[in-house]
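Working notes for the structure below.
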Amino acid sequence: MAAKTADSDGGSMTPSEPSDGDDRSDRDSDYESDDEEESPKASRRHSEKLNIQWTGYARRTPVILFCPEAILAKKAPKKTVGERYHMTYKFGSSECKIVRNIFNYHGFHEVHPNSSDFNLIWTGGHLKPFTLRSLTEFQKVNHFPRSYEITRKDRLFKNIQRMQQIKGVKHFDFIPQSYILPSEYQDFCAAFLREKGLWIVKPVASSRGRGVFLCNHPDQVPLDENLIVCKYIANPLLIDGFKFDIRLYVCVTSYDPLCIYLFEEGLTRFATVKYEKSNRHIRNQCMHLTNYSVNKKSDDYVKNDDPDVEDYGNKWSLGAFLRYLRSRGKDTAALMMRIEDVVIKTIVSAEVPVATACKMFMPFRGNCFELYGFDILVDDNLKPWVLEVNLSPSLACDSPLDMKIKTNMMCDLFSLSGVVCHDPMMRTLQQSRRNQEVTAKIAARAKKERTVLEKISKQRPQSAGSSSGSRPGNPQPRGMAGLNSEEIKILRRLKEEDQRKGGWVRIFPTPDSWDLYSWVFSCFT
């Protein structure tokens, strides 16, 4: 896993000097520190001890960094930062042991589910619109509004189907042929007559393999509930004769603009019965389904109790799976490129409705982030198929390998999301006397600058060659010419995310994004 190292803008309890390239936005963060600055030598000394990154304009906004290595090594808790800022968290519709452990280890305090004084809320479902609208700038929640557009199986299929109609099936052919029942039952029957074979039936809004079964005739499908029936992929890639799928962890930190990360490690989950293509065993879930919650009940399930052995038992790491393929001469780099491509296209298919909902319900750009669990099946041609996307992927740690991968992933997720060090009891500027003084200083400085600019404009007219968008004394940062203050702020946040991403790899945007995906986005503009 990528280790966290102190960088030039992280670590001390006091902000660093403003960088020459920073530009001030009038919508920048309103929870900035006004502490007296330390010497560079003192800052370097503190940076070795404190898990903080200074961000924003003039690097005055502290963001806490989470340390998975210390948790896994069972070292002393890093509570200094969380306790100093009285940081808190709460759970929504469901609790999570690993989330609680991580926050408690870093000095956070858990508050009642009804409390509004929190830095982060972790919930299994979506928040109500009025709750989202009441969030302050420093508060975060782990779901975007309408992110179910790809996590409900029916909505995922409809969004991909829409992209197939707009851009062509060949570009979005990574989900099996599907029909939503009961409304499309006649279409399903017609498709079955054209190409007989196995189909897999799933409830549109369930997880963990609940309610999933295989059928080989339309008469076997009930019509009194909402289901999706998909063509069964009969040629899966097998390892030692067993079927498997891959659980990938994908994070979206923003939908407008879209920013997607893929975690460097994942899980490979095996069925417990060797795969056969015949129809004799279509009722054997432990042969056809790879869900851990299904196979762990089997007497044939093999558990791995050593976190350093990643290719043993019914659950491997993603890295172990890729090493296995490389040892057999397979091109794993090409496979991962294809997997990244289907992940990006899946999220892009729902970008418009989610981004629209964000504009309606999110009061601040950074309030939400999302952790998706992508279930990918690889066939014997090394083609990846998206089976489903999970809204709240399981964070249960039933084995040491689970604990290692998920602790690293979750700590890096919280670091990436940018949890601001802020006392949640001071919800607004007006509630903090010191922040009122900061506001007064900023207003006075702005008034003084306007007075100086007015005098300059009276003394010297604007030259014909000067840009109408620039102002004297406020040059554009190098490499940012032509960007407005909001765009500069977005670019700065993206660079700051990159510095604290840990094991997360940004797959969109990248230097090649426009060349690869501009044709996809053209239908939205």
Side-chain angles (χ1 to χ4, degrees), residues 125-126 146-166 169 172-236 243 245-248 250 269 271 279 282-285 287-294 342-343 345-350 353-354 372-379 383-394:
H126 291 88
R146 288 193 70 173
S147 55
Y148 60 79
E149 288 288 344
I150 60 172
T151 60
R152 277 182 60 103
K153 297 176 183 66
D154 53 347
R155 295 304 308 149
L156 170 64
F157 171 66
K158 285 299 182 183
N159 282 308
I160 297 296
Q161 186 184 55
R162 175 172 50 84
M163 296 303 295
Q164 289 175 340
Q165 293 169 351
I166 297 173
V169 174
F172 290 84
D173 62 347
F174 49 82
I175 62 171
Q177 180 183 359
S178 305
Y179 298 93
I180 298 171
L181 306 183
S183 60
E184 297 177 352
Y185 180 73
Q186 295 301 325
D187 295 331
F188 165 53
C189 292
F192 177 81
L193 291 176
R194 287 194 302 270
E195 43 182 312
K196 293 181 172 62
L198 287 180
W199 295 73
I200 186 166
V201 183
K202 309 175 185 178
V204 297
S206 71
S207 59
R208 303 175 187 173
R210 290 172 294 193
V212 179
F213 64 94
L214 272 65
C215 71
N216 55 11
H217 195 278
D219 291 344
Q220 299 167 356
V221 182
L223 298 178
D224 56 350
E225 54 184 312
N226 294 324
L227 302 168
I228 183 167
V229 56
C230 311
K231 185 68 178 173
Y232 185 71
I233 300 169
N235 61 326
K243 184 180 176 181
D245 75 350
I246 304 169
R247 164 60 59 86
L248 298 176
V250 176
R269 308 172 304 178
N279 290 349
I282 65 172
R283 297 298 178 190
N284 191 336
Q285 288 192 319
M287 175 187 292
H288 297 284
L289 303 186
T290 55
N291 306 73
Y292 167 71
S293 55
V294 172
V342 302
V343 168
K345 288 177 178 177
T346 299
I347 294 176
V348 166
S349 72
V354 178
Y372 292 114
F374 271 69
D375 290 344
I376 304 290
L377 177 75
V378 180
D379 67 19
K383 175 182 176 178
W385 297 81
V386 176
L387 300 181
E388 64 180 29
V389 183
N390 294 274
L391 178 70
S392 296
S394 172

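With a 4.5 Å cut-off on side-chain heavy atoms, Lys158 and Ile180 count as touching. Contact check for Leu377 versus Thr290: no side-chain heavy atoms found under the 4.5 Å cut-off. Side chains of Asp375 and Arg269 form a contact here, defined as non-hydrogen atoms less than 4.5 Å apart. Looking at Leu391 and Tyr148, their side chains never come closer than 4.5 Å, going by heavy atoms from C-beta outward. Counting heavy atoms from C-beta outward, Phe213 and His288 have side chains that stay 4.5 Å or more apart. Looking at Thr346 and Tyr372, their side chains never come closer than 4.5 Å, going by heavy atoms from C-beta outward. Here the side chains of Phe374 and Ile347 are in contact, with some heavy-atom distance below 4.5 Å. In this structure, Asn390 and Arg247 have side chains that are in contact, with non-hydrogen atoms separated by less than 4.5 Å.
Here the shortest heavy-atom pairing between Glu184 and Ser178 reads OE1-O, 4.4 Å. Considering every non-hydrogen atom in both Ala350 and Glu149, the closest pair reads CB-CB, 3.7 Å. The shortest non-hydrogen separation linking Glu195 to Gln177 is OE2-OE1, 3.3 Å. Phe174 and Pro384 get closest at one heavy-atom pair: CB-O, 3.9 Å. Shown here for Gln285 and Val212, the closest heavy-atom pair between the two residues is NE2-O, 2.9 Å.
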Start with the C-alpha gap between Asn159 and Arg162, add the side-chain angles, then the distance that decides, and say whether side-chain contact (heavy atoms from CB on, under 4.5 Å) holds.
-> CA-CA 5 Å; Asn159 282 308; Arg162 175 172 50 84; 3.1 Å; yes
Show which side-chain atoms of residues 222-229 pair as donor or acceptor with protein atoms under 3.5 Å away, not counting sequence neighbours.
none

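For Lys383, the side chain to side chain contact (heavy atoms under 4.5 Å, CB included) partners two or more places apart in sequence, or in a different chain, are Asp173, Asp379, Trp385.
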